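The structure appears right after this line, and notes come after that.
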2 protein chains.
Amino acid sequence: MAITREPLTRLRIVELALGIIDTEGLSALNMRRLAAAAGVQPMSLYHHFPNKDAILGAVAESIAGAALGDQRAAGTWQERTRLLFAGLYELVQAHPRALPLITTGVLRTPSGRHWMEELMGVLLEAGFTPDAAARVYHLLGAFTLGLGYAQLLSLEVPAETIIGELTGHWADYPNLLRVGLQLAIWDQPADFATGLDVLLERFAKELGEAG
Amino acid sequence: MAITREPLTRLRIVELALGIIDTEGLSALNMRRLAAAAGVQPMSLYHHFPNKDAILGAVAESIAGAALGDQRAAGTWQERTRLLFAGLYELVQAHPRALPLITTGVLRTPSGRHWMEELMGVLLEAGFTPDAAARVYHLLGAFTLGLGYAQLLSLEVPAETIIGELTGHWADYPNLLRVGLQLAIWDQPADFATGLDVLLERFAKELGEAG
DNA sequence: TTGTGCTACCGTACTTTGTACGCCTTACTT
DNA sequence: AAGTAAGGCGTACAAAGTACGGTAGCACAA
């Protein structure tokens with residue numbers, strides 16, 4: 001009665017990899033660790049992927065597909081844009097530890113390209129010039145990614161660490177002391193919504209003046 | 001007549017490391033490469049730093065010191081805040097490839113802490129509650145960092161690569177096609193200024209309503 | 001002059017991680 | 001029954017961080 005383990009597939013490898021990344025971080029993911037999680041010898045992974053990079057790419061694709069899958073909403077261009085970026089934000093929040101992957105990979109996956117195409121469609125249809133549409137994408141994209149990196153940072157360098165480094169020096173930092181733990185407590189989704197609205201409003205005004 | 005090379009010092013190691021990071025990227029920096037650049041054997045580096053991480057930390061400190069050194073400006077709180085973030089932005093633009101270091105390290109260096117203390121001083125003095133001050137920092141910080149990561153991305157995945165991946169699929173992406181190269185051409189500093197202004201304006205309004 | 005100790009630097013070797021290469025087993029086909 | 005392809009494995013090597021124990025040159029006291 002042999003122990004029959006789950007068969008190794010691309011999908012299973014990707015799922016396990018994402019699990020490791022989410023719980024232990026990107027740097028904890030290595031081929032031996034991943035193989036062990038799958039109950040298999042390291043070299044077996046290479047039957048399904050040519051190398052580690054390909055696995056990371058597949059992880060990015062998987063994440064992107066799940067969050068950016070089918071975003072086709074109605075409404076004003078503001079509402080539709082907001083929805084598109086809400087999807088991106090969700091992605092970034094769901095897997096902050098995979099962010100470096102997402103940054104370099106998402107827009108190069110089919111789902112990512114679709115998302116981008118959709119966004120450009122919305123903006124051009126609303127009357128933005130190609131130039132202005134690119135600007136909207138750049139600014140909102142940077143803002144959204146930035147929030148993701150802030151999230152990642154708070155995972156990798158917990159507030160206690162920073163506070164620990166400050167003990168004994170509070171006298172030098174009276175204002176930091178006053179703000180204190182507020183720096184660690186953060187209703188990020190609410191702030192994301194605020195920032196997005198403010199920027200969108202600005203773009204709307206520009207559009208009105210130009211159009 | 002022996003060839004006398006520059007003596008190895010902490011400063012020299014940091015400068016060489018930053019040079020390698022700036023020109024070849026973080027992943028190109030390893031102890032053997034760094035030693036070779038200094039004209040020295042790898043283990044000699046360990047006389048000046050306990051390990052590689054310490055070198056990276058010193059690089060972060062050096063960068064932070066240069067850009068956030070002494071920022072003590074007069075003016076309205078908006079002007080002072082803008083100046084502080086302009087410094088951060090400058091830092092991020094000057095060494096985009098060192099961004100991952102900066103993200104985890106800058107606020108943990110003396111210069112970074114000073115910057116933070118200064119910022120909190122400006123905001124609290126302006127009448128923001130500690131809570132609101134933290135919010136300003138979070139949002140503007142994420143925005144600024146996000147732009148930095150966008151810069152890094154454009155270095156690591158050049159526009160030609162992405163465009164190359166799209167050839168043959170343009171029919172599927174009519175809107176992307178219309179925007180085309182505009183996506184790669186980006187007056188980022190101008191957009192940084194715009195974004196910063198818009199967000200600051202919003203914070204000013206909130207302050208007015210609350211105060 | 002000789003010993004003592006300190007600073008800067010180096011050689012060797014071990015560990016971790018990615019992966020090239022080729023073998024083995026299983027299951028299905030003919 | 002024999003062939004064959006897919007999936008899995010064992011061995012081995014290269015790149016990179018670094019522990020450990022030197023050595024060489026200099027300063028200075030006895």
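As the structure is a computational prediction, the values presented were derived from the model and not from experiment. Chain letters run A, B, ... following the sequence lines, proteins first, then strands; residues in each count from 1.
- Following rounding to the nearest Å, Leu34(A) (CG) and dT19(C) (C1') show an atom-to-atom distance of 14 Å.
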As a quick check of understanding, evaluate salt bridge (Lys or Arg N to Asp or Glu O under 4.0 Å) for Asp172(A) and Arg113(B), giving each step before the final call. CA-CA 10 Å; Asp172(A) 300 334; Arg113(B) 284 200 280 258; over 6 Å; no
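- Taking for each of His47(A) and Met43(B) the nucleotide of DNA chain C with the nearest heavy atom, the 5'-most of the two is the partner of Met43(B).
- In this structure, Asp187(A) does not pair ionically with Arg135(B), as no charged nitrogen and carboxylate oxygen lie closer than 4.0 Å.
- Atom CD1 of Ile13(A) and atom C1' of dG8(D) are 11 Å apart (whole Å).
- Residue His48(B) places none of its side-chain N or O atoms closer than 4.0 Å to OP1 or OP2 of dT7(C).
- Protein atom CZ of Arg32(B) is 13 Å distant from nucleotide atom P of dG11(C), rounded to whole Å.
- Between Gln41(B) atom CD and dA24(D) atom C1' the separation is 15 Å, expressed in whole Å.
- To the nearest angstrom, C1' of dC9(C) lies 14 Å from CE of Met31(B).
- A straight line from CZ of Arg33(B) to P of dA16(D) spans 11 Å, rounded to a whole angstrom.
- The separation between Tyr46(A) atom OH and dT11(D) atom C1' is 15 Å, rounded to whole Å.
- Salt-bridge annotation for Glu24(B) and Arg97(B): absent, with no side-chain N of the basic residue lying under 4.0 Å from a carboxylate O of the acidic one.
- A close approach under 4.0 Å does occur between a side-chain nitrogen or oxygen of Asn30(A) and OP1 or OP2 of dT17(C).
- Proximity of the aromatic rings of Phe85(A) and Trp115(A) is defined here by a centroid distance below 6.0 angstrom, and this criterion is met.
- Between Phe49(A) atom CZ and dG18(C) atom C1' there is a gap of 16 Å when expressed in whole angstrom units.
- Nearer the 5' end of DNA chain D, as judged by each residue's closest nucleotide, is the contact made by Ser44(A), out of Lys52(B) and Ser44(A).
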